[in-house]
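Chain naming here is simple, since letters A, B, ... match the order of the sequence lines and numbering starts at 1 in each. Values in this document were obtained by computation on a predicted structure and should not be read as measured data. Every heavy atom of this structure was used, including side-chain atoms; hydrogens, water molecules and symmetry mates were not.
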Protein chains: 2
Amino acid sequence: MNIDRRSGCPINLSLEVFGDRWSLIILRDMIFGGRRHFRELLNGSLEGIASNILADRLKRLMALGLLTKADDPSHKQKAIYSLTEMAITLVPIMAQLGAWGRVWLPVSEELSIRAELLEKGGPPLWEQFMDELRHEHLGAPSRTPPGAPSVRQQLRAAYEAVVERKADELRHIKTDA
Amino acid sequence: MNIDRRSGCPINLSLEVFGDRWSLIILRDMIFGGRRHFRELLNGSLEGIASNILADRLKRLMALGLLTKADDPSHKQKAIYSLTEMAITLVPIMAQLGAWGRVWLPVSEELSIRAELLEKGGPPLWEQFMDELRHEHLGAPSRTPPGAPSVRQQLRAAYEAVVERKADELRHIKTDA
DNA sequence: TGCAACTGATTGCAAAATGCAAGCGGATTG
DNA sequence: CAATCCGCTTGCATTTTGCAATCAGTTGCA
């Protein structure tokens with residue numbers, strides 16, 4: 001559960017935090033997909049994480065200080081997960097990962113829209129997005145002028161469409177069988 | 001051995017390439033530590049990779065197009081591993097990882113010198129460094145003016161000292177026992 | 001010439017991580 | 001009041017990892 005501390009090298013320590021197959025996927029879905037609940041993360045992930053792994057990673061990410069958990073006032077059984085500042089500052093890493101993947105890996109057109117947007121916008125756009133996340137997850141006052149287009153919405157719109165279409169497909173498979 | 005392709009998301013695909021505990025460590029040692037041989041990677045890594053894992057990852061990274069292997073003309077048994085352009089363009093990701101780790105994780109002072117240098121130099125320094133790597137690994141003509149200070153040397157000097165001191169410690173332990 | 005040290009690996013085995021399906025008690029919804 | 005949803009746990013099979021010993025071939029040195 002805890003971190004290994006194989007060495008004090010920054011790259012190594014970063015890898016010990018999210019150098020596994022799922023941690024960054026979960027954070028990606030929270031950051032870009034707006035997922036805040038266990039079930040949203042479970043069903044909304046394109047990659048299909050198992051519930052025990054998800055539970056384990058959420059616990060781990062909380063222990064590491066990347067996430068916090070709170071009761072959902074509107075529903076006694078629901079928990080709301082929030083990103084901490086530590087997690088929000090992963091945005092530049094995500095952007096770089098996306099940019100690299102877009103160049104070198106067989107990404108699907110529809111799913112790389114987000115990465116493209118982040119790449120085109122560059123650091124200023126990342127900053128605005130991080131600011132929006134702070135507003136959403138930390139309750140920080142938004143510095144974005146009211147009426148300005150939300151990066152969050154732009155980033156999520158395209159992705160939601162893909163996820164929804166995938167959910168549809170799964171429904172059809174179930175119906176057919 | 002092959003990639004999973006759980007989804008075509010750029011971040012996911014990137015994670016499938018180096019979302020494990022060792023691949024990026026190996027690439028880090030090649031990029032920043034100048035390691036080119038199996039034994040150098042085996043003994044020079046601060047984290048202590050096992051030889052079977054190293055062999056497996058080198059094979060995998062070659063299959064994925066991040067590394068190439070060639071005979072060392074000076075030694076019939078030695079193999080020289082080289083970075084491809086695909087691996088060289090990981091430098092910005094490494095820089096971001098290092099910068100993030102330096103802020104949020106208990107990095108050791110001496111080992112974060114590299115990350116600090118990359119952070120201070122910013123993208124222009126990354127570009128120069130990548131150019132030097134292309135020169136070293138791909139035989140590309142260097143665009144760095146002769147006489148200009150080598151980023152490579154600056155980055156490596158500090159690290160070598162740490163590795164050497166660690167090797168010394170290990171020697172003392174052996175001698176004492 | 002002979003032998004120790006070194007080359008890039010491989011093998012066997014134990015331990016840990018992962019993946020899958022089913023289920024749990026409680027809360028909510030229709 | 002029954003069906004569904006909530007976050008999560010359990011049991012178990014499979015896969016990945018870590019460790020230590022070892023391999024056959026090469027090299028450097030006496």
Side-chain angles (χ1 to χ4, degrees), chain A residues 1-7 15-26 29-30 35-63 67-82 167 170-171 174 177, chain B residues 1-7 15-16 18-26 29-30 35-63 67-82 167 170-171 174:
Chain A
M1 187 57 146
N2 244 343
I3 215 172
D4 249 6
R5 305 274 253 114
R6 301 180 297 185
S7 88
L15 274 180
E16 294 192 16
V17 170
F18 43 70
D20 73 278
R21 283 185 131 27
W22 291 111
S23 297
L24 260 198
I25 294 286
I26 294 169
D29 286 345
M30 290 191 65
R35 314 271 185 251
R36 309 282 305 254
H37 303 291
F38 191 93
R39 291 278 165 172
E40 282 178 354
L41 287 162
L42 190 63
N43 304 323
S45 150
L46 289 169
E47 290 84 12
I49 189 169
S51 64
N52 53 346
I53 310 269
L54 176 58
D56 178 79
R57 288 307 185 281
L58 288 173
K59 229 182 272 177
R60 185 180 140 92
L61 290 172
M62 281 191 285
L67 298 181
T68 58
K69 181 167 133 182
D71 292 340
D72 184 333
S74 78
H75 190 300
K76 283 192 182 165
Q77 225 174 354
K78 277 188 184 172
I80 298 190
Y81 290 94
S82 296
L170 289 177
R171 260 195 292 281
K174 261 191 183 160
Chain B
M1 186 57 146
N2 244 343
I3 214 173
D4 249 6
R5 306 275 253 113
R6 299 181 297 186
S7 88
L15 273 180
E16 293 192 17
F18 42 71
D20 73 280
R21 282 184 131 31
W22 291 112
S23 298
L24 260 198
I25 294 287
I26 295 169
D29 286 345
M30 290 191 66
R35 314 272 185 251
R36 310 282 303 255
H37 302 291
F38 191 94
R39 292 279 163 171
E40 282 178 353
L41 287 163
L42 190 64
N43 304 323
S45 150
L46 289 168
E47 290 86 11
I49 188 170
S51 66
N52 52 347
I53 310 272
L54 176 58
D56 177 79
R57 289 306 185 282
L58 288 173
K59 230 181 273 178
R60 186 180 140 92
L61 290 172
M62 282 190 287
L67 298 181
T68 58
K69 181 167 135 182
D71 292 339
D72 185 332
S74 78
H75 190 299
K76 284 191 183 167
Q77 224 173 355
K78 276 188 184 171
I80 300 189
Y81 291 93
S82 298
L170 288 177
R171 261 195 291 282
K174 262 193 184 163

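- With sequence neighbours excluded, the residues forming a side-chain contact (heavy atoms from CB on, under 4.5 Å) with A:Gln77 are A:His75, listed by chain and number.
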Could you list all N or O pairs between the protein and nucleotides 28-30 of chain C that sit under 3.5 Å apart?
unit_1, atom_1, unit_2, atom_2, d
C:dT28, OP1, A:Lys76, N, 3.1

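- The closest side-chain heavy-atom distance from A:Lys69 to A:Tyr81 is below 4.5 Å.
- Put simply, B:Trp22 has no side-chain N or O that comes within less than 4.0 Å of OP1 or OP2 on D:dT16.
- Separating the CG atom of A:Asp56 from the P atom of D:dC8 is a distance of 12 Å, rounded to the nearest angstrom.
- As a whole-Å value, the separation of A:Asn52 CG from D:dG11 P is 13 Å.
- In this structure, A:Lys78 does not reach the C:dG26 phosphate: none of its side-chain N or O atoms is under 4.0 Å from OP1 or OP2.
- Distances shorter than 4.0 Å separate some side-chain N or O of A:Arg57 from OP1 or OP2 on C:dT18.
- When the nucleotides C:dT18, D:dG18, C:dA21 are ranked by their closest atom to the side chain of A:Ser51, C:dA21 comes out on top.
- Going from atom CD1 of A:Ile49 over to atom CG of A:Asn43 covers 11.5 Å, rounded to the nearest 0.5 Å.
- Nearest to the side chain of A:Ile53, among C:dG8, D:dG7, C:dG19, sits C:dG19.
- Remark: B:Arg57 pairs with B:Asp20 by the salt bridge (Lys or Arg N to Asp or Glu O under 4.0 Å) rule, at least two apart or across chains.
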